[in-house]
K.L.:
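Structure provided below as structure tokens; questions to follow.
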Amino acid sequence: MPTDPTTRRLHLRAAGVSLVLDTTGGRVPAILHWGADLGPLTGTDLATLLAAVTPAISSNGPDVPLRTGILPQSADGWLGRPGLTGSRDDGSGTAPRLTVTGVRITEQGTERTLPAGEGTDLETGPALVMLDLADELLGLAVRLDVELLPSGLVRVRAEVTNTGDTAYTVHQLTPALPVPLDADELLDFGGRWTKERTPQRRAMVTGTHLRENRRGRTGADAAHLLHLGTSGFDFATGEIWAVHTAFSGNHTHHAERLSAGVQVIGGGELLLPGEGRLAPGAAIASPWLYGAHSAAGLDTIARRFHAHLRDRETHGGLPYPGTDRPVTLNVWEAVYFDHDLSVLSELADRAAELGVERFVLDDGWFGSRRDDTSGLGDWTVSEEAWPGGLAPLVERVTGHGMQFGLWFEPEMINEDSDLARAHPEWIMAPGPDRMPLPARHQQVLNLTIPEAWQHVHDAIDALLTEHDIAYIKWDHNRDLVEAATRATGAAAVHEQTLAVYRLWDSLKAAHPGLEIESCSSGGARVDLGILERADRIWVSDCIDPLERATMNRWTSQLVPLELMGSHIASGGSHTTGRLHSLSFRAASAILGHLGIEWDLRRATEEELAELRTWIALYKEQRELLFTGDLVRADRGQDAVWITGVLSPERDRALYTVTAVGTPDIAPVGALRLPGLDPRRRYRVRPLVLGPQPTGYVWPAWAREGADPATDAKGAGYGPPALVDHLDVPGAVLLRTGLAAPVMAPETAFLLEVTALADRP
Ligand code: DGJ
């Protein structure tokens with residue numbers, strides 16, 4: 001049935017967010033409001049809203065009000081980054097004028113076409129709106145999907161089809177979302193290997209803040225999430241709008257303020273020359289661009305993404321891991337490439353004794369891979385390193401009741417490998433006689449070549465079929481530079497990224513229950529494209545708990561704790577050389593998917609005993625950690641960090657209090673515990689597992705038998721006995737707080753909080 005798109009306003013509401021979409025006059029869809037819930041609105045109210053937000057006509061500009069479309073276009077007076085650019089080979093087709101030709105909507109799984117003529121305004125809950133747009137003169141059709149998810153996240157994507165008779169090349173397909181000018185501070189991320197996701201803030205000014213990624217993978221320096229909020233926003237305060245481009249290849253994020261008095265945030269794929277070339281009838285789709293709004297700080301943004309991922313299976317993705325995330329032992333920092341069955345069997349035995357539930361064999365088990373110079377691509381077990389094959393180790397591990405996991409790096413190839421010698425044409429290169437610079441002595445295997453994709457698929461599939469392998473650690477250790485199909489020189493990052501997604505999907509379909517971790521030189525592939533299918537991400541190759549405090553804190557802005565690989569390593573960090581106590585290493589790791597990456601043969605009996613208590617605590621708390629709501633706060637000029645997880649019912653919480661630096665003031669005042677229900681009473685237990693940190697002075701509330709009225713410094717230097725618990729009204733914990741101990745730098749303790757009575 002043909003639709004009448006001429007006067008249509010749709011009001012979608014979910015989780016405290018309103019999204020009002022307008023296609024009045026069939027013009028390119030625009031968002032009239034994206035932000036806090038507006039409450040129920042009538043059709044008249046929606047018409048008034050359109051009038052209310054339509055900007056005045058600026059002097060010295062077009063004679064009609066500026067319209068900021070989701071795919072902004074110059075035809076509407078938009079002079080910022082266009083939503084869609086492209087051209088035909090003769091130079092025509094550069095300025096699309098898209099108009100709406102049809103609107104369909106899916107609510108609660110039911111799709112319907114919105115009828116013509118009546119009910120042109122609509123109010124509903126979470127829903128997917130599918131808009132058909134076209135520029136018939138230019139021979140372009142666009143399908144624009146706009147969705148408000150139950151988590152309150154908005155997501156948009158566009159697919160362009162060439163309906164003309166000649167090839168059309170899409171150069172840029174980048175949706176954008178409007179943000180009020182009240183938001184004038186930006187927060188996004190930089191970083192590098194071993195220091196992923198470092199926050200960076202700046203004032204928003206006129207012009208474009210553009211983050212471009214040309215690494216062919218998400219990148220350790222990815223923008224991650226781009227936030228634009230009211231000045232000084234923090235974890236709990238400020239109004240914020242944020243975007244994330246859900247793609248693991250080249251991509252962009254941007255914030256743009258025009259002198260015409262509007263600003264947007266957006267993002268999309270960064271297409272390399274030729275990647276968007278469409279033969280007649282062909283189409284290209286943008287990745288999803290996610291948008292998150294918060295009326296109360298960064299924690300709300302994070303929680304929306306967490307809720308969305310936890311709901312992955314219902315919105316069409318793959319099954320999501322349960323809350324019993326297995327304690328994992330990864331052997332990388334224990335043995336590196338030095339594989340030996342008896343050593344690894346001993347590690348497996350020790351791990352099992354400690355309560356470890358998954359054992360992961362890392363790089364070095366295949367082909368000629370005795371170091372990182374050769375063998376990548378040869379996915380057959382090395383007879384040299386594993387004369388009896390992998391079976392003896394797999395059986396030892398599974399015999400202990402642990403799962404077995406195996407490392408792969410399927411998108412890569414060493415030039416010194418049997419595969420490279422057999423198929424040099426499968427290596428990505430700008431031409432037959434040119435090779436990109438090596439990185440970690442390796443090149444990229446071109447998975448856009450169907451035979452190469454099938455070869456890798458079958459090699460992995462064979463190993464998964466032969467052995468009881470529950471888990472793959474999927475690595476990706478170099479950027480894609482000059483990444484092209486060698487025979488033609490055609491850029492291939494776009495197709496390579498989609499081929500990798502297909503590879504994961506196919507292996508997971510063939511091996512139900514298989515979990516895959518996304519690792520990329522540590523944490524260089526962390527995005528919602530891969531997270532639609534990944535069961536874990538490796539946050540960083542740096543396991544130093546001080547560095548990890550920052551990385552975990554900001555990785556969790558997007559990624560829920562259950563997906564963040566978080567390991568306890570040996571006392572001396574392999575990447576920074578810093579020495580840390582086990583309690584600091586473990587307390588920093590426990591708010592995540594816990595693992596161990598340490599040669600346990602070198603651990604002392606005391607360390608093993610303490611490790612056992614941490615593992616037991618993790619198992620006790622993981623249900624809470626992996627279903628709860630994240631809260632974060634700072635004290636003492638940002639030197640003491642509080643990170644907590646609260647059950648949705650607010651009857652349980654676990655907080656870590658971490659001294660990441662040395663504050664100028666000590667103690668740092670009261671530790672107010674965010675998120676608790678002020679109407680309840682709680683039992684608070686300070687948890688210090690293992691020896692108390694050196695240099696602490698505990699306040700009276702935390703010391704056994706201390707009377708705050710008469711408290712005097714005790715004699716001697718020994719650590720005091722700590723109280724088992726303290727019962728405190730929620731309002732006091734939330735609004736007054738507990739006096740902080742004087743903390744030594746690079747130490748941490750935990751507070752376990754349990755409600756004393758049923759909900760008031
Ligand atoms: C990089 C990863 O991040 C490490 O954990 C390890 O798997 C190495 N690659 C192996 O080469």
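Each ligand, and each atom within it, is numbered from 1 in the order the structure gives. Just so it is clear, the values below take in all heavy atoms, side chains as well, and ignore hydrogens, waters and symmetry mates.
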K.L.:
I need the atoms of ligand 1 closer than 4.0 Å to a non-hydrogen atom of Trp538, numbered in the order shown.
P.N.:
3 (O), 5 (O)
K.L.:
Measuring centre to centre across the rings, with the benzene-like ring taken for any Trp, is His593 within less than 6.0 Å of Phe626?
P.N.:
no
K.L.:
Quick one: which of Asp372, Asp363, Val539 has a heavy atom closest to atom 11 (O) of ligand 1?
P.N.:
Asp363
K.L.:
Quick one: does Glu517's side chain have a donor or acceptor within less than 3.5 Å of a partner on Trp474's backbone?
P.N.:
no
K.L.:
When you measure from atom 3 (O) of ligand 1 to every protein heavy atom, which one gives the shortest distance, and what is it?
P.N.:
Asp541 OD1, 2.4 Å
K.L.:
If you define the side chain from C-beta out and look only at heavy atoms, does anything of Phe247 sit under 4.5 Å from Leu289?
P.N.:
no
K.L.:
Under 4.0 Å, heavy atoms only, figure out whether ligand 1 is touched by the backbone of Arg440, its side chain, both or neither.
P.N.:
side chain
K.L.:
When you measure from atom 5 (O) of ligand 1 to every protein heavy atom, which one gives the shortest distance, and what is it?
P.N.:
Lys473 NZ, 2.7 Å
K.L.:
Looking only at distances, please establish whether an N/O atom of ligand 1 is found under 3.5 Å from an N/O atom of Arg369.
P.N.:
no
K.L.:
Heavy-atom distances under 4.0 Å are what count here, so tell me which part of Ser521 touches ligand 1: side chain, backbone, both or neither.
P.N.:
backbone
K.L.:
Compute the minimum heavy-atom distance from His476 to ligand 1 and say whether it is under 4.0 Å.
P.N.:
no
K.L.:
So do the side chains of Arg217 and Ser521 get within less than 4.5 Å of each other, counting heavy atoms only?
P.N.:
yes
K.L.:
I'd like to check Ile615 versus Thr613 (side-chain heavy atoms, cut-off strictly below 4.5 Å). Are they in contact?
P.N.:
no
K.L.:
Distance under 4.0 Å to a non-hydrogen atom of Gly522: what atoms of ligand 1 satisfy this?
P.N.:
3 (O)
K.L.:
Which of these, Asp372, Asp479, Asp475, Asp371, sits in a salt bridge (Lys or Arg N to Asp or Glu O under 4.0 Å) with Arg440?
P.N.:
Asp372
K.L.:
Please state which protein non-hydrogen atom is closest to atom 9 (N) of ligand 1 and give its distance, to 0.1 Å?
P.N.:
Asp475 OD2, 2.7 Å
K.L.:
Under 3.5 Å, N or O to N or O, is Cys519 touching ligand 1 that way?
P.N.:
no
K.L.:
Name the orientation class of the two ring planes belonging to Phe408 and Trp365 (parallel below 30°, tilted from 30 to 60°, perpendicular beyond 60°).
P.N.:
perpendicular
K.L.:
Can you report which non-hydrogen protein atom sits closest to atom 7 (O) of ligand 1, along with the distance?
P.N.:
Asp362 OD1, 2.7 Å
K.L.:
Check Arg369 with Asp416, please: is the shortest side-chain N to carboxylate O separation under 4.0 Å?
P.N.:
no
